Amino acid sequence: MRHAGRARGVAIGLASLAVVFELTNIWVTAQLPQPSYTPLPFAPEDVAGTAFPVFGAILVYSRPRLVIGWLLVAGGLASAANILSANLNLLLDGPALDWLIVNVTWQVGELTLGVLLPLLYPTGRLPGRRWAWVAGLALAGDALDWVAVSVRSLPLREAAHWAVAAAMGLAFVSLAVRFARGDAVERRQLLWLLVTLPGLLLPWMLGDPFWWLASLGIPLIPAAIAVAVLRYRLFGIDTLISRALVGTGLAVVIGGVYLAAGAASSLFLSGVDRVAGLAAALFAGAFFHPMRRLFLRGVDRLLYGSTGDPDALADRLKLRLQLADPGHGLLATLEVLRDGLSVTGVAVEVDGAVTVTGTLDVPARTVPLVWHGEPVGLLLVGPTDRRRFAAAHDERVLGTLTPFIADAAHAVRLTAALQRSRERIITAREEERRRLRRDLHDGLGQSLSGMAMSINAARMTLHSSPERAARLLTTLRDGMDAVTGDIRQLVYGLRPPALDELGLAGAVEELTEAPVEASGDLTGLPAAVEVAAYRIVQEALTNARKHSGADRIEVALRRGPLTGDGDGRGDVLRVTVTDDGCGIPPDARAGVGLSSMRERAAELGGTCVVRPREGGGTEVSADLPL
């Protein structure tokens, strides 16, 4: 802890010394004639001598052991000492020793900021052991420069300068190598530096009379380094780049269109300048939205490739959905989303079932899936893949692809519901067959066997004992009546005879023993709908009479179009049973009767809702599609 405090003090002291050098240089510069290469009252070295040590001291204060902060401090101090000593020599016409100081400080600045900083950024370590020779090349070039000065050899000095320039170029190449090999965090840190370097490199390559422009871009470099090391998680540098490129492209295109439209309209509408200007503005504005989409798509492809373009992903996803069956469509959408977001894994949870692609240990975020206002599941997105750059346009990718994923999740729910419905139908059918077999075998079969034995006994005793034969025939007659009742009961269990005899409305009136409100054409209804409606009314009446203590029960049968469908193709039969009883208790649990009503409606693709009635009581409402 003591060493860290001492390191912070040293860094702050060196940065303060650099600032003192620059304040002194301001006074010295004021005594000199204005240089021709810059219109500013200061040189790029002045900006570097102030910005680099200040931000370097901030880095050292936060992370004393990170060598990046010390390089910024040392390089900035060298720049401040270099420009001050050079201007003092010009002012005082100093001796050769003073020019020696200028050369030393310049070489220190080149070595720290031009070679070591890009080689070690952002981790403070070389990208590989082999890169150490780049620093050796820079040191060899500096040493050769001193030899060239001593022997006064101009070709030798040119070679020394080329060696240092080559070392600087290779150091910046190491940034590209580190970017290709690094994980998402390191790539984001590198981008903060790479996006600010053109502000220095372009003026440096152009030279005079553009070198002074570097003064405007130099402060951004140490600021970007400090942000990248300390606060990179709070800012999306790729978003910043994309917005800057899109904004610049729009400004250039819209401005060019406006100027072209204005020039063209002035030729034809020279007498009405206001109308011409308005026409040019409207014409340029018409290009804004399509050009914005075009630039945004181009920038996405530039930064993330084809897998990061939301529109391309959407087209790819549509194609996958067309080729996949509903059961595998969700997995296809997740594979496309995983590529687009560059994450380790993506999953969707639908009704407790999880579909996963990739590796998803701990979800980084959860997105609810909504299909036409109905929640259908949860989208679970994993962390960013370390081999890929973390795309900050994830929200746009999610916004584009989530509706398709919600559709696929809804299709999975429908498929699962259909499968469960088929299983219930098969189970119900087999249970009904089992019941019929048991009733026929144990009831009707035994009764017929007993009747056959009674007939044989009566036939054998007909001549010897007519009285006994008469009793057997009487018993046989009673047995036949019982068998007839059993058969009637079996038939009634399959389909109530009242439906065929009285129709749906008449059969329901027979159940309720009261008039039924009927509207619409109730003739010619599908047999399954009639049976379902009859059974739902029967169960609702049983519940009302048994549990509600109602004095009045009303039943309504209405046939009409589905809501919002006025052409009659979506006809439904609405069955409503209301009572004025005590209503449904808050803690009541659905029993067999309520579940049976809902299942009968669901088998036909309809719904059955049991809810409290306004004014007290209970209302059972079922919609049965025809």
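It should be emphasised that the depicted structure is a prediction, and the values quoted were computed from it without experimental measurement.
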Check whether any side-chain heavy atom of Asp145 lies under 4.5 Å from a side-chain heavy atom of Asn103, and answer yes or no.
yes

Is the OH atom of Tyr61 crowded by more than 12 outside heavy atoms at less than 6.0 Å?
no

Atom of Phe55, atom of Pro219 and distance for their closest heavy-atom approach:
CE1-O, 4.3 Å

If I compare all heavy atoms of Leu113 with all of Gly76, which pair ends up nearest, and what's the gap?
CD1-N, 4.3 Å

Determine, step by step, whether Leu379 and Val346 satisfy the side-chain contact (heavy atoms from CB on, under 4.5 Å) criterion, reporting the C-alpha distance in whole Å, the side-chain angles of both residues, the deciding distance to 0.1 Å, and the verdict.
CA-CA 7 Å; Leu379 174 64; Val346 182; 3.5 Å; yes

Where is the tightest heavy-atom contact between Pro53 and Gly49, given as atom of each residue plus distance?
CG-O, 3.0 Å

Distance (rounded to the nearest 0.5 Å) between Ile12 CD1 and Arg8 CZ
8.5 Å

Roughly how far, to the nearest 0.5 Å, is the OG1 atom of Thr24 from the CG atom of Asn87?
11.5 Å

Donor-acceptor under 3.5 Å (Arg178 side chain, Leu119 main chain)
yes

Counting only N and O atoms by type, is there a donor-acceptor contact under 3.5 Å from the side chain of Asn25 to the main-chain atoms of Phe21?
no

Please check this pair: side chain of Asn82 against backbone of Val102, looking for a donor-acceptor N/O pair closer than 3.5 Å.
yes

Flag, side chain of Gln31 to backbone of Trp27, donor-acceptor distance under 3.5 Å
yes

Going through the distances and angles, do Leu117 and Ile68 end up as a side-chain contact (heavy atoms from CB on, under 4.5 Å)?
CA-CA 7 Å; Leu117 180 62; Ile68 301 299; 3.9 Å; yes

Over all atoms of both residues, closest heavy-atom pair of Gly109 and Ala78
N-CB, 3.8 Å

If I take atom OG1 from residue Thr105 and atom CG from residue Leu77, how far apart are they, to the nearest 0.5 angstrom?
9.5 Å

Could you pull out the closest heavy-atom pair between Ala135 and Val115, with the gap in Å?
CA-CG1, 4.2 Å

How many angstroms lie between CG in Leu88 and OG1 in Thr29, if you round to the nearest 0.5 Å?
9.0 Å

Given side-chain contact (heavy atoms from CB on, under 4.5 Å), test Leu120 with Leu126 step by step and report yes or no.
CA-CA 5 Å; Leu120 300 176; Leu126 291 171; 3.7 Å; yes

Return the minimal non-hydrogen interatomic distance between Val348 and Ala409, and the atom names on each side.
CG1-CB, 4.4 Å

First locate atom NE2 of His161, then atom CG of Leu156, and finally report the distance between them rounded to the nearest 0.5 Å.
10.0 Å

Interatomic distance, Leu72 atom CG to Ile58 atom CD1 [nearest 0.5 angstrom]
10.5 Å

N/O donor-acceptor pair under 3.5 Å between Trp70 side chain and Pro64 backbone:
yes

Compare all side-chain heavy atoms of Ile218 with those of Phe52 and state whether any distance is below 4.5 angstrom.
yes

